[in-house]
Structures are given as structure tokens and as C-alpha cells.
Visitor: 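My questions all concern the structure below.
We count ligands from 1, going down the list as the structure has it; atoms in each ligand are counted the same way. The first residue in the sequence is number 1, and the count goes up from there.
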Amino acid sequence: MIEQELKQALAERARQSLYRNRKVMASAQGSDVSLSSQAHDGEFINFASNDYLGLANHPDVTKAFVDSANKFGVGSGASHLVIGHHQEHHLLEQELAEFTGRARALVFSNGYAANLSCLNVLLGQGDLVAEDKLNHASLLDGGLSSGAKFRRYIHNDITSLDKTLSLPGNRKIVVTDGVFSMDGDCAPLADIITTAKNHDAWLMVDDAHGFGVLGKTGAGLCEQLQLSEQQVPILVGTFGKAFGTYGAFVAGSETLIETLIQFARPYIYSTALPPAIAAATRQSLKIIQHGAELREKLQSLIQLFRTRVSALEFDLMESNTAIQPLVIGDEQSMLNIAEFLKANGILVGAIRPPTVPKGTARLRITLTAAHTPEQVEKLTDLLAQACDQFCSQANESLTE
Ligand SMILES: *Cc1c(COP(=O)(O)O)cnc(C)c1O
């Protein structure tokens, strides 16, 4: 009976062009990858990863990982509060606090756990959480499971946020992505801060896609806008994107961090990250702090991409970040273009609902410092061809 229902749900997914198939990587992450699975064999230029600075396979980061694993083994062996909290985690936390200009930082196993932890610890019944409509799923899940009144405001809309915050609540927290993961635009943090202050609300910023990439030293959107701990009391960053490793952190006041250590269930009841991952992340941090050149290279590729695509029929989004989505609308047309690119040796993210709102299926193209200008030009040339072949078709299905 359950089996039958599951089969029906899967068939329905396929019917809606929403069925996902995993690609199987047979190389390191990078600008050039190879896949090994029946449907997707071969070598590709990769415009689908979040490895924005090309650090996932950087020799210095790999070496830090291997050296640490040789010294400390692989498993952390326990949760942080038992006996799994290693010196490598501890040093990484101190370096992150300094890097972000916060009193303290706390390392988590991943961003999902960090976000769930913050929202569940800080919010409960009688409280109010205001979230941007396009926030990452982990922020939405954290808000929903917190027990607080959960409201989403219109994307980056200060009037809508102000209205939301006028609802009653004991504690009020505003939650937003720094750089939006599927759109690539940034939250208007200065205005959000003013509005939050007017309602005596705290602000939580998840800068998963800005951390490492934005700001003079790569400390993210808060560094770029020069926002202090008082202005952004809860700052989240992840290591799985520009840092090229794995894990996440929360930075904030001494009180916030101690509260999380004492009360955050995903933190307390989960095995600590392998120390070697923390060691590798410390090495990434060093590269990022001196990575102005990598960030400049990424910026010039972003500009190249945007200049060339602006001559095509696609609509660019308001994004100056490495995330450059092209919204196609209808799922099947988007998949057709993604397939066309793949047949020509290029991988892009094919993003469909429920990851993005219905009717906004998109190619999520991500640029990295590891790409060459020639690779970006090959991509835009193929997009021009795809436009000729598929764009009118997409427009027709949009008006149906
Ligand atoms: C990727 C991402 C996360 C989740 O981080 P993981 O470490 O991959 O679990 C959280 N928030 C945002 C905005 C993200 O893009």
C-alpha cells in the first residue's frame, strides 16, 4: 500500500518534468570535470558548482587535509560536548571570529544544522520570525520548526518586511540570505537593519554565497557593507561553497555562542566534523584572506558573461555575483536547453520547483575563478545557439 503510493508520487513527479537524476562525478570538483554514469558519460566544462574560488581541489587545501589526517586520523569520534571537539575546530573558530569581526564563532557540521540550530534555540511559541520569501530551504525549515509565528515577506521588499514585523510577537527575528542562492542578488541589509531596529527585532544573515567572495578580504556581504555584530547579531557562513571544504559556522556575541553550545540540539547530538576538514578549512581561510586576485578574476569573468549574454534574448537577473541564473520559465524548455548545452560539453544547474517558485525554472550558471575567459565565451556562444533553437518555444509555452 505504501509502496504503491510512493510509486504513484514518483510517476507524478516525472510527469511534471520534476524528476531528478543524480550525475556521478568521476573527477575532482573544478572547472573541468568528468562524469561516469550511463546517461552522462564524458568530460564537461562545469558551470554548476558552488566552488566559486576553485578551492575544492586546491593543492594547499588538499595538503592541509592530508597532513592533518595523517596526524589526527579521520573520525572525530564523538560530539563536541563529549570528546570530539578538537584543537583544529577550536583554532578555526578563533580565526573565524577575528575574520568576521565578531566576538566568537561556532563551527557546525553543515549549514543546514547551523540554521536549524539558531532558529530553534532563539525562537519559540509567542515569537515571530520574518523570512524573505526566497530564503534557503534550511532557513525556512528552521523557522517553521521553531514554534514561532512564521511569516514570509516579499523578496527584498522593505515595505513588506515592515508590515510583517508589525505583527505581535515577544521576540522578533528577521532572517535573510545575504546573497540569494538561486537568484544571485543581495539582500538590502542597510534598510533591513533600520527596519528591524524600528521593531526591536534581531537580524540573522545567512551569507553562504557571499562568504569568501564578497568584501575586501572575503569576509562576505557584511564586510562589504561594513556591518557590525550589533547590526547583524547572527551571522552564518558555510564552507561548502567558496571555501571548497565542508561545514559551517555561526558568528556573534559571547552570549549567542554559549547559548548555542548549551541548547542547540543539532550541535549537541551530532558527531563533530572530522578535524582534518577543519584543518583544510583553516588553509582555505588563509588563501581567501589573501585572495584579492582570485576575487578580481571571478569578477572579470562575471562581467564578461553578462556583457555577452546581454546581447542575447535571455533576461539577465540583477546579479553581480558568481550566480548568474537565466530564467526560462517552463520546466521542459529549460531542460531542453540544459540538455543541448550538455550535448555540447557544458554543465549548468537545471533548477526547477520546488527549489524555485513555479513558472521560474532556470539555468543556474555559476562562474568560478578557475574558469578561463575562453570557457565563458564557449558557454555564451552555445547559449546564443540555444536561444535560436529553443527560446521561441519557451515563450510559446509561457503564454499557453
Ligand atoms: C548551501 C546553503 C546552506 C546549507 O549549507 P550546507 O553546509 O551545504 O548544509 C545554507 N544556506 C544557504 C543560503 C546555502 O546556500
Visitor: Could you verify whether a donor N or O on one side chain and an acceptor N or O on the other, from Glu98 and Gln94, lie under 3.5 Å apart?
Guide: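 No, because no side-chain N or O of Glu98 sits under 3.5 Å from a partner of the opposite role on Gln94.
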Visitor: Counting from 1, what ligand 1 atoms have a heavy atom of Thr238 closer than 4.0 Å?
Guide: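 Checking each atom against Thr238, I get 5 (O).
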Visitor: By side-chain hydrogen bond (donor to acceptor under 3.5 Å, both in side chains), which residues pair with Tyr153, not counting sequence neighbours?
Guide: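 Result, side-chain hydrogen bond (donor to acceptor under 3.5 Å, both in side chains) vs Tyr153: none returned.
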Visitor: Starting from atom 15 (O) of ligand 1, find the nearest protein heavy-atom neighbour and note its residue, name and distance.
Guide: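 Looking only at protein heavy atoms, the one closest to atom 15 (O) of ligand 1 is His209 NE2, 2.5 Å.
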Visitor: Find all atoms of ligand 1 within a distance of less than 4.0 Å from any non-hydrogen atom belonging to Ser138, and give their numbers and elements.
Guide: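 In order of number, 10 (C), 11 (N).
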Visitor: State whether Arg104 and Glu258 are salt-bridged, where the test is any N-O pair (Lys NZ or Arg NE/NH1/NH2 against Asp/Glu carboxylate O) under 4.0 Å.
Guide: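 So Arg104 pairs with Glu258 through a salt bridge.
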Visitor: Relative to the heavy atoms of Asp206, which atoms of ligand 1 are at a distance of less than 4.0 Å?
Guide: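 Under 4.0 Å from Asp206, ligand 1 has these atoms: 10 (C), 11 (N), 12 (C), 13 (C).
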Visitor: Could you find the nearest protein heavy atom to atom 2 (C) of ligand 1 and give me its residue, atom name and distance?
Guide: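 Nearest protein contact, heavy atoms only, for atom 2 (C) of ligand 1 is Lys241 NZ, 2.4 Å.
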Visitor: Once you measure the plane-to-plane angle for His90 and His85, does it fall in the parallel (<30°), tilted (30-60°) or perpendicular (>60°) bin?
Guide: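 Rings of His90 and His85: perpendicular, as their planes differ by over 60°.
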Visitor: Report the relative orientation of the aromatic rings in Phe180 and His155; use parallel for angles under 30°, tilted for 30 to 60°, perpendicular for over 60°.
Guide: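 Perpendicular: the ring planes of Phe180 and His155 meet at over 60°.
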Visitor: Quick check on contacts: which atoms of ligand 1 are under 4.0 angstrom from a heavy atom of Asn115?
Guide: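 Here the atoms of ligand 1 in question are 10 (C), 11 (N).
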Visitor: What is the nearest protein non-hydrogen atom to atom 7 (O) of ligand 1, stated with its residue, atom name and distance?
Guide: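 Nearest protein contact, heavy atoms only, for atom 7 (O) of ligand 1 is Gly111 N, 2.7 Å.
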Visitor: Quick one: does Asp177 get an N or O within less than 3.5 Å of an N or O on ligand 1?
Guide: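 No, since none of the N or O atoms of Asp177 sits under 3.5 Å from an N or O of ligand 1.
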Visitor: Students often mix this up, so state it plainly: with edges at 30° and 60°, are the rings of Phe99 and Phe243 parallel, tilted or perpendicular?
Guide: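 Ring orientation, 0 to 90° scale: perpendicular.
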